[in-house]
Structures are given as C-alpha cells and as structure tokens.
Novice: 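Please see the structure below; I have some questions.
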Amino acid sequence: MVSRPLRVLSIAHAAVSREAGRLRYAPFGGRTDLDVHLVVPRRWHQFGRAIDADPPDDPGIRVHVLPTWLPKAGPMGWYLHIYPGLRGLIRTLRPDVVHLWEEPWSFVALQASLLRGPAGMVLEVDQNILKRLPPPFEAIRRFTLARTAHVLARSPDATAVVRAGGYAGAVTPIGYGVDTRTFRPRTESGPSDVLRLGYVGRLVVEKGLDDVLDAMARSRVPTRLAIMGEGPHAPHLRRRIAELGLERSVTFAPWAAPAEVARFFHACDAVVLATRTTGAVREQFGRVIIEAQACGVPVIGSTCGAIPSVVGPGGWIVPESDPEAMARLLERIAADPGERSARGRAGLRNVAERFTYEAVADALAQAWLAAASAVSPSNERLTPGAFCAGNQD
C-alpha cells in the first residue's frame, strides 16, 4: 500500500482574483494530504468590468491560468465559457476529484463532466430559483447532475433546485468566506447624533434601495446613507433622492478595493441589504453581510432568500418591500446604541463560527473526500492521503 495525497482539480471563474474567490483556497497551503490544482480564466468579464487573473503564485496550491472561449457571449456569458486547454490538463493531472464552482447548466460544467474520466465530480451551486431553462441548458443541467457525486449548496433553496433537476445524491451546505485580515473590527467610534447606514453592491432595482430611501423619509430620526457601488439604477436613485429631499443625507462612491470597503464599513452604524424577490432574483447569499459583520457592524436585512439565515443574530430582519417597517426599526436602533453594539458583537461571533476561510475549506475538503469515496472501486470510505497504489499515476 503506497499512499499519496488526494488530487483535486477545482474550476472556478470566481477565483480569477485573489481578493475575491481565490483566498478561500489559502488554508490548503498547509496540508500534505491534499494536492489541490485550481483553474481560473486568464481574463473574466463581470458587471461591465474586465478582471485579469492574479499571478499563479499562491502557496500550497497550483493555479493554472487558462484562456477561455466565449467569455462574454451576451446575457448568458457567465454560462457559456469553456477552457480549450482543459482536456490536456485533465489528462496530465489525472485528478481523483473534479470540483466546479459553476452552475450545472453551464458549458464549462458540461465540458468537465465529459472530460473528467474516472474522477468524482463535485458541484458548488448558488442558484435558488427553480425555473425551466431554455434549450440546451435544461438538458445540460440534467446531464451534469446525473454525473455528479456530491453537491455543495449555498442554501436550502439551492438544494431544492438541484433536486428538482434530478440530483439524488449527497448535499453539504457551504457558505462564503470572508478575509478577516482585511475585514476586521473597527476601533470604537464616538457617539453620533445621526444614524449612519451603508450599502455596498450593485445599483439595481432588485436591491431595494428605493425602500431604504422611503424608510429614511418616513423615519423621525436623522439618518444618513452612504452608497458604494455602480449600476444602471443610479440615475433613478438620484431622482428619488431629490424627490424625497434627501440630497444632504445620501452620498455615492464608486467600487473600491477591499481595504477601502472595510474602512467604509467602519464609518457605519449598520449596513443595509434590502433585496426584493422577483421572478429572476432571490438573494443567494449576500457576501456584504459577512464582510460588514467581520468589521463588527450589524446588518439590516430583508426577508429575501438567504439573507435571514446569513445575518443570523448579527442584525435585524424586516419584511422585504416594507419601508414603514424599516422606518420603525431605524427609529428603534437610533435610540439604542447598546443594541447596535450587541448585534455587532453577535455578528463577529457569527462570522467566526460559520464564515471563515478555514470553515469553507473544511467543507470543500469533506465534499472532495466523499466524492472520491463514491467513485472508488471498493466503495470504501477513503481518507485524504491514504490512496492505494492502484490509484497512483
């Protein structure tokens, strides 16, 4: 019996940037039982921005920066890209597990399921609204899910979607991670006679910023809102601000680097995420929630999608599309800085217990192990680093 590390090939466009998705692979750098290889696109197009891949010099894992085909083909761009070099890489590495941080109807998921060979396949999914997909995506989804050994789901709704697509295997919940070196507690700020709210994200109608503005106008306490982000809804928001007479109470700032976002949070008494459910949108997670909480700032969230579960005890939940309920909450928390501090401390605990990169890495490793066990010829439970000689290169 000769042992070797479990070899994993993870494919994730979100890991193109170290400041975004790649940091969650950092905990694998200290492990000798896993041989982790990460595939990222050379350039990724998202929300009108082109993001070039960070250098492949991450310690402890091997990053493969590959060109893509169809990187931005219309509104389905996220789901049409493939890697022309993936076949050769899989033949060279002969991974035990292929992990995709991609939805099952994407072309890259189809590509990986066709090329993976005997490797167990793990899918990490976010989509939480069940809808019939147009051809060929519905067929791709069912084909891919039928060949998947393990699913990592961002929420119970995401689990329900893959179940409806025909997947009957094991599912493990997984959250996003937060960089607690960048997003860390603020030093105590002095008292303020104004309740300071913050929002970071896309400026689109479904994020519910209109409801936040209406709540501010209805509230009987002085409130300011700082907005960081960009998007097509910005002109409407500016008009609405003028209509409500809130010009001196709302500020705008463009996208910024994570360290600047953390400083932005430090100036807030609470962060808002008031997403509204639509036929196409239900909040899948809300990364801004855990980034704010890691800074010790509580979050006001709506009832949309995964928001209540992610916020946990580190904030407050109001009904979506209900400015009156939010206005009453603003009045309450403005009068009680002690409650705001207590919710901020609860948010710090929430992040420490559920959303560190170490917690995410552990969930990934357990799913990879389970997938490798599922496709093992002996169907025995394997341990990373305890592979028999028959599975060697």
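Excluded from the calculations below are hydrogen atoms, water molecules and symmetry mates; all remaining heavy atoms, backbone and side chain alike, are included. We number each residue from 1, following the sequence as shown.
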Novice: Indicate yes or no: does Asp214 engage Arg240 in a salt bridge with an N to O separation below 4.0 Å.
Specialist: yes
Novice: Please name the pair of heavy atoms, one in Val375 and one in Pro118, separated by the smallest distance, quoted to 0.1 Å.
Specialist: CG2-O, 3.8 Å
Novice: Taking the side chain from Glu206 and the backbone from Thr278, do they hold a donor-acceptor pair closer than 3.5 Å?
Specialist: no
Novice: CZ of Arg340 to CH2 of Trp316: how many Å apart, nearest 0.5 Å?
Specialist: 7.5 Å
Novice: Report yes or no: do Leu213 and Val204 belong to one cluster of Ile/Leu/Val/Met/Phe/Trp/Tyr joined by side chain heavy-atom distances under 4.5 Å?
Specialist: no
Novice: When you measure from the centre of the six-membered ring of Phe143, is the NZ or CZ of Arg147 closer than 6.0 Å and no more than 45° off the axis?
Specialist: yes
Novice: To the nearest 0.5 Å, what is the distance between CD1 on Ile300 and CD1 on Ile289?
Specialist: 12.0 Å
Novice: Can you check side chain to side chain contact (heavy atoms under 4.5 Å, CB included) on Arg345 and Ser341, steps first, answer last?
Specialist: CA-CA 6 Å; Arg345 292 191 296 271; Ser341 295; 3.7 Å; yes
Novice: Would you kindly confirm whether Phe252 and Phe265 end up in one hydrophobic cluster when ILVMFWY residues are joined by side chain heavy atoms under 4.5 Å apart?
Specialist: yes
Novice: Can you check whether Asp54's main-chain N or O pairs, donor with acceptor, with Arg22's side chain at less than 3.5 Å?
Specialist: yes
Novice: Please check: side-chain N/O of Glu124 versus main-chain N/O of His99, any donor-acceptor pairing under 3.5 Å?
Specialist: no
Novice: If I compare all heavy atoms of Glu102 with all of Leu123, which pair ends up nearest, and what's the gap?
Specialist: O-CD2, 3.8 Å
Novice: Do Ile227 and Leu244 land in one hydrophobic cluster if side-chain heavy atoms of ILVMFWY residues count as linked below 4.5 Å?
Specialist: yes
Novice: Sub-3.5 Å donor-acceptor pair from the side chain of Arg94 to the main-chain atoms of Arg7, do we have one?
Specialist: no
Novice: Would you say that Leu348 contacts Pro185 through its side chain, given a criterion of any heavy-atom pair below 4.5 Å between the two side chains?
Specialist: yes
Novice: Would you find a donor on one side and an acceptor on the other, under 3.5 Å apart, between the side chain of Ser113 and the backbone of Ala109?
Specialist: yes
Novice: Closer than 3.5 angstrom, by distance alone: can the side chain of Ser106 be matched with the main-chain N or O of Glu103 as a donor-acceptor pair?
Specialist: yes
Novice: Taking atom CG of Leu100 and atom OG of Ser10, what is their separation to the nearest 0.5 Å?
Specialist: 7.5 Å
Novice: Has the side chain of Arg31 got a donor or acceptor atom that lies under 3.5 Å from a matching backbone atom of Leu34?
Specialist: no
Novice: Who passes salt bridge (charged side-chain N to carboxylate O under 4.0 Å, His left out) against Glu283, sequence neighbours left out?
Specialist: Lys207
Novice: Less than 4.5 Å apart, side chain to side chain, heavy atoms only: is that true for Val108 and Thr68?
Specialist: no
Novice: Is the closest side-chain donor-acceptor distance between Tyr167 and Thr148 under 3.5 Å?
Specialist: no
Novice: Taking atom types as modelled, is there a side-chain donor on Gln111 or Trp69 under 3.5 Å from an acceptor on the other?
Specialist: no
Novice: Between Arg18 and Asp57, is there a side-chain N and carboxylate O pair less than 4.0 Å apart?
Specialist: yes
Novice: Please check if Val360 and Phe183 belong to a single hydrophobic cluster, counting links between Ile, Leu, Val, Met, Phe, Trp and Tyr side chain heavy atoms closer than 4.5 Å.
Specialist: yes
Novice: Between Asp58 and Ile61, is there a donor-acceptor pair closer than 3.5 Å when you use the side chain of the first and the backbone of the second?
Specialist: no
Novice: Drop me the distance from Leu195's CG to Thr223's OG1, to the nearest 0.5 angstrom.
Specialist: 5.0 Å
Novice: With a 4.5 Å limit on heavy-atom distance, are the side chains of Cys295 and Arg186 in contact?
Specialist: no
Novice: Taking 4.0 angstrom as the limit, do Asp157 and Arg282 come out as a salt bridge?
Specialist: yes
Novice: May I ask you to check whether Phe285 and Phe355 place their ring centers less than 6.0 Å from one another?
Specialist: yes
Novice: Salt bridge or not for Arg239 and Glu243, using N-O below 4.0 Å?
Specialist: no
Novice: Salt bridge (charged side-chain N to carboxylate O under 4.0 Å, His left out), that's the test. Do Arg276 and Asp211 meet it? Break it down for me.
Specialist: CA-CA 9 Å; Arg276 306 158 167 168; Asp211 296 327; 2.9 Å; yes
Novice: Hey, what do you get for CG (Leu145) to CD1 (Ile140), rounding to the nearest 0.5 Å?
Specialist: 11.5 Å
Novice: Closest approach of Ile307 and Gly301, non-hydrogen atoms and distance?
Specialist: CG2-CA, 3.7 Å
Novice: Kindly write out the residues that satisfy salt bridge (charged side-chain N to carboxylate O under 4.0 Å, His left out) with Arg220, not counting sequence neighbours, or none if the list is empty.
Specialist: Glu331
Novice: Looking at Tyr176, is Arg24 sitting on its ring face, NZ or CZ under 6.0 Å from the six-membered ring centre and within 45 degrees of the normal?
Specialist: no
Novice: Do the side chain of Thr144 and the main chain of Pro104 share a donor and acceptor less than 3.5 angstrom apart?
Specialist: yes
Novice: How long is the straight-line distance from CD1 of Ile82 back to CG of Leu110, given to the nearest 0.5 Å?
Specialist: 9.0 Å
Novice: Would you indicate whether the side-chain heavy atoms of Val125 and Val161 approach each other to under 4.5 Å?
Specialist: no
Novice: Is there a path of hydrophobic side-chain contacts, each under 4.5 Å between heavy atoms, that joins Val351 and Tyr357?
Specialist: no
Novice: On a heavy-atom basis, which atom in Thr159 and which in Ala153 lie closest, and how many Å separate them?
Specialist: OG1-CB, 3.2 Å
Novice: Which heavy-atom pair separates Ala15 from Leu38 by the least distance, and what is that distance?
Specialist: CB-CD2, 3.9 Å
Novice: Start with the C-alpha distance between Leu246 and Met216, add both sets of side-chain angles, then the distance that settles side chain to side chain contact (heavy atoms under 4.5 Å, CB included), and finish with yes or no.
Specialist: CA-CA 8 Å; Leu246 296 174; Met216 291 171 60; 4.3 Å; yes
Novice: So, for Val212 and Ala274, which heavy atoms are closest and what is the spacing to 0.1 Å?
Specialist: CG2-CB, 4.0 Å
Novice: With the side chain counted from C-beta on, respond yes when Tyr199 and Leu273 share a heavy-atom pair under 4.5 Å apart, and no when they do not.
Specialist: yes
Novice: Counting neighbours of CZ on Arg354 that are heavy atoms of other residues, nucleotides or ligands and sit closer than 6.0 Å, is the number greater than 12?
Specialist: yes
Novice: For His13, run the ring pair (Phe, Tyr, Trp, His ring centres under 6.0 Å) check against Tyr79, Trp44, Tyr83 and tell me which one passes.
Specialist: Trp44
Novice: Could you go step by step and tell me if Gln366 and Leu369 meet the side chain to side chain contact (heavy atoms under 4.5 Å, CB included) rule?
Specialist: CA-CA 5 Å; Gln366 292 303 315; Leu369 173 59; 4.3 Å; yes
Novice: Would you say Arg132 and Phe137 make side-chain contact, with heavy atoms under 4.5 Å?
Specialist: no
Novice: Salt bridge or not for Arg238 and Glu247, using N-O below 4.0 Å?
Specialist: no
Novice: Determine yes or no for a side-chain-to-main-chain donor-acceptor pair under 3.5 angstrom, with Arg349 supplying the side chain and Gly344 the backbone.
Specialist: no
Novice: Only one of Val98, Val36, Asp96 passes side chain to side chain contact (heavy atoms under 4.5 Å, CB included) with Trp368; say which it is.
Specialist: Val36
Novice: So, do Ile174 and Arg154 sit near enough that their side-chain heavy atoms are less than 4.5 Å apart?
Specialist: yes
Novice: Determine, stepwise, if the pair Asp210 / Leu237 fulfils side chain to side chain contact (heavy atoms under 4.5 Å, CB included).
Specialist: CA-CA 7 Å; Asp210 299 88; Leu237 291 173; 4.1 Å; yes
Novice: Does any non-hydrogen side-chain atom of Pro41 lie less than 4.5 Å from one of His81?
Specialist: no
